[in-house]
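In what follows, a single structure is set out as structure tokens and then discussed.
Within every chain, numbering begins at 1; the chains are lettered A, B, ... in the order of the sequence lines, protein sequences first and strands thereafter.
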Amino acid sequence: MSESVEIEKKWQTRWEKERVFEVDPDPKKEKFFLTVPYPYPNGALHIGHGRTYTVGDLIARYKRMNGYNVLYPMASHITGTPILGMVDRVRNGDPVAIEQYKRDLRVYLDTEEEVEAKVKEFTDPWATVRFFAEAISADFKALGYSIDWRRKFTTGDDIYNQFITWQYQKFMDKSYIRKGSHPLLYCPNCGNPVGEDDLLEGITAKVKEFTGIKYPFEDGFLVAATLRPETTFGITNMWINPTAEYVRSKVNGEIWIVSSAAATKLKLQAKEVEVLETFSGSKIVGKSCKTVHDNRDIPILPADFVDVDNATGVVYSVPGHAPYDYVALRDLWDDPTGLEEYGISADEVRGIEVVMMIHIEGGSKFLTKHMVERLGVDSQKDEAKLEEATQEVYKTEFYDGVMMDNCGPFSGKRVSEVKDDVIKWLKNQNRGDVFYEPDERPVVCKCGTDVQIAVLAGQWFLDYESPGWKDLARDALNSMGIVPENFRIMFESTFDWLAQRPCARKRGIGTPLPFDPEWIIEALSDSTIYMAFYTIAHKITHNKLKPEQLMLSFFDYVFLGQGKIENVADATGVSSDLLKEMREEFLYWYPNDQRHTSPSHISNHLSFAIFHHTAIFPKKHWIRCISLNEHLVQEGGKMSKSKGNVTPLGEIPKKYGADVYRTYVVSAAEPGSQIEFRESDVPAVRNRLNQFSNILKRFASKTPKVYTKKENPTFATKWLLSKVNSIVDSCTHYLDSFKPRDYALAVMSEMIRSANHYLKRPEVPKEEREGTMAYICDIWVRIAAPMIPHLCEEFWSKMKRNGFVSFADWPAADKKLIDKSTELAFHVVDSTVRDIREIKKLLRGKKAEKVHIYVAPQWTFDAMNGIREADLPLVVGEIMKHLMSNPDFRKHGKAVKNIVDRIAKENGLWDHSKSAKDEATALRDSTRYVESEVGMKVYVHDSANADYDPDNKARLALPGRVSLYLE
RNA sequence: GCGGAGGUUGCCAAGCCAGGUCAAAGGCGCAGGGCUCAGGUCCCUGUCUCGUAGGGGUUCGCGAGUUCGAAUCUCGCCCUCCGCACCA
């Protein structure tokens, strides 16, 4: 272990000292610009974060070995509230926050005193950011990432703010950014919008939109809120909770009657509300109001199930289609006592007729009643069953239902299609409004207050529905690579629903909106085109350009080539030479050839990045390709920093080794699936690396030699040369098509298995073995380098090769050495050993000492090849006819039938080597090997003229399938 | 609800898009053997099931269908996971 840590340190130091990954434009070399989203340095990164960066590094290294000038930069994202939030908590002495930071600090600091001292500094957000940005960069170096660190920055830097200012000014110029209002979760006590990290309970809560329907009542409206406005056509009565508190209030100039709680909420939802009178629900029970669609009088009935804390506390009743309403009405029919006190007679209630307004083709006539009875709902108190019935009814009616004739303009339409139209129709006649509620309860702010929905006026948002923008973005998407390709559809659907997106908040770190500086551009909106900033960030910092020099015209020139260089130089005070240099550097690196991250970013960050690129840059500078891999989680369920059940990224090199972790992460699963990091699997990975090392230690220093036909090498050598070159081909193919896992398996598992097998072959002469193995080591160390760069650098230098393996040429497969027939013949040896073992097992007690192997005659190979070439359909008769038409085969009569029967049974041809000679040579060459494997003496015969065949087995042999006789 | 992904042999995980060579890669676990004073690491072999000759049977969420042939294609059903916006 310690040896590998030493090796890793050694090479990391050399890479850094010789600045090998610090890259500048090189017109002689083709560039490759790869980015992975910058991390958020509000604490130590954990083991899960490493996957994406590791895969990114694998790509960077592979491209580099393919001759590209590769730029792989990194920075820090500090926009938003999380860091400020943590800092506040530390400042307030919150023990949980302090302990969390201390845990992170212990990863990097040796003594408890240092930890204590450092955590005290964390009352300053910048101290926190500086520390963890450094820590993360050290973590990344310790994992061997080939990053150009000169270009680092944070999103809170003045120079970055200037860049974002420019970006948003561009949006403003294009009218992509606008002001409006938007509902969001809000804490009335704190007076702030709340996000996930502000919540004590209900962190998954979202805004749910109800339709408020205004039913005329006295001098105003009873405002009922519903999720199914289309059911207003089935209304029979109104429900009011007689014991709850209601108000009569002036809302935007109209008289509304809603629950007292609802009135408070309406105020938050940007309505002008003046409460005129507060009263108990019983006061209006027994009165009547009017329906919207046919202006009928309907009674207001008492209902205990009405929850005044939900929505408006006024519920309209649709017993035909809502189980709650049906059951409540049924309860009154069964037991009308108590109604008199509201002046309602039993007859009046019994006279209410259920109105059916949704028809389900081929379904129950009265689904609600049916469901209520099927589930055995006893009364309106039976909430669980009512909820289930409601869900079921809603689902069925929504999808299969058709509006009946009594639904005015919507008659005959599908329920699933009319909802929005009904809302419009209601609004048009001033009978509709919106009312927001969280979609779950409780939602509690960290201050202990119940969270409400507020509609804040003056919210800035990016309007992704601005004319033409989506078309541009779709154009970009269509011309862009998405790997794995199956994620493309997620982009498409995101583009479809993307509409207005708030892009600024009132608090947090970040860039103020240039035209409304009270607002800070939020974290997902200031991280969309910053890949461009990497191309010049180091020039800005090294030349100590001041933020105020980075005015709009500066970026216009550098990124867009706009303006006259002299004018820009005059205005900014940046020399023309430097401006030109930066412009050229930008033009050299841009566009971003590949952006690699996780699929969870598709619906936000990645889509925004695509949109924003199309808004700012010409087509040639749009992102070329997006690649994705799923998350890594640590065993034992979800990782959570607060639970402390995670391994910090910084501990990994010490605990497991960088190369081990890299191999694990690349090989555990393909990019599309999530991986679980299991401690118990680590030894297996380490073992594979050890085997790789051991083999290289043995042979890397020998002199490589390729044994060609002339030297008449053994079959095993020919096979290995072919196999290894095939593997090189596969590795290239796998990495080109973004299949890192297959690459990892080929370069580690398959190579090791092949090498081990070869080394087990006793017939290979020592000299031949060493020369061949040395040749293989030279290739192996290079194809393994992107995944395990440290180990490979070490061997590369031991092999006395020039320079770093990180910059060595990726090997090209030597096609001359690839011989599929030899590889197939090898399979025969392999399966023969397997078959002998199986038969041996079946012999039970009986001991066999000799095994006779019969290779099929040449004509059977000819026959198989003939069928293959003729490309016949798989019909016995056809194949038979084809073979029998050839006199060479006809003379074997019955044996031909055997082959054909076999083909029929196997449903086709199978792979085998070209000729009987190949197969026999492979077996004869492998005699000693087979003998040592099965512990029997081996005799290879040609079945055409077998001199020894006591059991008449020879005739059963087929190409690729020898026949055996054990005695 | 909308949108997406997925259910493979004890576990993890390939295969599915381009149907046959798939009882289905690889890893873990387990079993036997080797190595070792012993244990671990390590190496080899095996690991659905039946079988005294390399073969047969039954499997890839469930049920139908297409096809000479389906883990792979179509339809229906059941189940799991993820995103749904102001949150980095």
Side-chain angles (χ1 to χ4, degrees), chain A residues 37 39-40 42 77-83 182-185 193-198 203 206-207 227 391 394-395 398-399 416 439 456 459-461 485-487 489-490 492-494 496-505 508 522-525 527 599-605 630-631 635 667-670 672-676 678 680-681 683-688 690-691 694 741-742 744-745 748-750 753 756 760 831-832 834-846 848 873-876 904 906-912 933 951 953 956 960-966:
Chain A
Y40 202 89
N42 65 330
H77 194 200
I78 67 169
T79 309
T81 52
I83 289 177
H182 222 76
L184 40 89
L185 294 170
V194 284
E196 263 176 51
D197 31 85
D198 304 312
I203 52 167
K206 303 280 178 278
V207 175
L227 293 168
Q391 291 295 326
Y394 181 78
K395 217 168 87 182
F398 184 78
Y399 289 110
S416 53
D439 64 345
L456 295 189
Q459 170 76 53
W460 285 96
F461 57 87
E485 178 69 28
N486 54 317
F487 285 111
I489 189 161
M490 295 181 76
E492 286 165 357
S493 54
T494 301
D496 286 344
W497 61 250
L498 214 48
Q500 288 79 36
R501 157 132 194 147
C503 62
R505 305 185 77 187
E522 62 87 36
L524 279 165
S525 303
S527 55
S600 55
H601 285 138
I602 293 175
S603 64
N604 44 59
H605 164 73
E630 270 294 357
H631 290 288
E635 59 195 324
S667 64
E670 44 158 46
S673 43
Q674 185 171 292
I675 27 182
E676 194 174 343
R678 297 202 256 175
S680 61
D681 286 350
V685 175
R686 185 175 295 137
N687 170 238
R688 256 177 280 151
N690 285 341
Q691 290 207 48
N694 291 339
R741 178 176 200 269
D742 290 327
L745 291 184
M748 279 297 137
S749 302
E750 218 179 332
R753 227 174 314 132
N756 278 342
K760 269 197 342 194
S831 62
T832 301
R834 222 176 283 268
D835 284 351
I836 296 171
R837 281 199 183 112
E838 192 173 342
I839 297 168
K840 219 170 119 187
K841 208 166 69 186
L842 290 170
L843 286 176
R844 300 268 156 101
K846 288 185 225 164
L874 269 177
V875 180
V876 175
E906 301 279 329
N907 275 322
L909 301 165
W910 55 89
D911 285 337
H912 53 81
E933 284 295 300
D951 207 17
K953 292 283 187 191
L956 300 174
R961 311 215 159 138
V962 297
S963 87
L964 300 171
Y965 176 65
L966 272 66

Report the distance from atom [atom1] of [X] to atom [atom2] of [N], rounded to the nearest whole Å.
| X | N | atom1 | atom2 | answer |
| --- | --- | --- | --- | --- |
| K760(A) | rC43(B) | NZ | C1' | 9 Å |
| R837(A) | rA53(B) | CZ | C1' | 17 Å |
| L956(A) | rG55(B) | CG | P | 11 Å |
| Q674(A) | rC81(B) | CD | P | 12 Å |
| E933(A) | rG33(B) | CD | C1' | 13 Å |
| N486(A) | rC82(B) | CG | P | 18 Å |
| K840(A) | rG46(B) | NZ | P | 12 Å |
| E485(A) | rC17(B) | CD | P | 16 Å |

Taking only the [atom1] atom of each, what is the distance from [N] to [M] in whole angstrom?
| N | M | atom1 | result |
| --- | --- | --- | --- |
| rA38(B) | rG54(B) | P | 40 Å |
| rG76(B) | rC68(B) | C1' | 26 Å |
| rA25(B) | rC78(B) | P | 33 Å |
| rG69(B) | rG3(B) | C1' | 36 Å |
| rG6(B) | rU72(B) | P | 14 Å |
| rG20(B) | rG29(B) | P | 33 Å |
| rA31(B) | rU41(B) | P | 12 Å |
| rC62(B) | rC79(B) | C1' | 10 Å |

If you find the nucleotide of RNA chain B closest to T79(A) and the one closest to N690(A), which residue's nucleotide is nearer the 5' end?
->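 Counting from the 5' end, the first nearest nucleotide belongs to N690(A).
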Using a heavy-atom cut-off of 4.0 Å across all strands, would you classify [X] as base, sugar-phosphate, or nothing?
| X | value |
| --- | --- |
| Y965(A) | base |
| S963(A) | base |
| Q500(A) | base |
| L966(A) | base |
| S673(A) | sugar-phosphate |
| A504(A) | nothing |

Now, which nucleotide makes the Watson-Crick or G-U wobble pair with [N], with each of the two distances under 3.5 Å?
| N | result |
| --- | --- |
| rA70(B) | none |
| rC30(B) | rG46(B) |
| rU80(B) | rA5(B) |

Grab the two heavy atoms, one from [X] and one from [Y], that are nearest each other, plus how far apart they are.
| X | Y | answer |
| --- | --- | --- |
| Y40(A) | T81(A) | OH-N, 4.4 Å |
| I675(A) | A668(A) | CG2-CB, 3.3 Å |
| E522(A) | T79(A) | C-CG2, 3.9 Å |

Could I get the full list of side-chain contact (heavy atoms from CB on, under 4.5 Å) partners for D496(A), not counting sequence neighbours?
->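 For D496(A), the residues satisfying side-chain contact (heavy atoms from CB on, under 4.5 Å) (neighbours in sequence not counted) are R474(A).
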The contact string for nucleotides 23-30 of chain B, one letter per nucleotide 5' to 3', using protein heavy atoms under 4.0 Å with B, S and - for base, sugar-phosphate only and none, comes out as --BSBS--
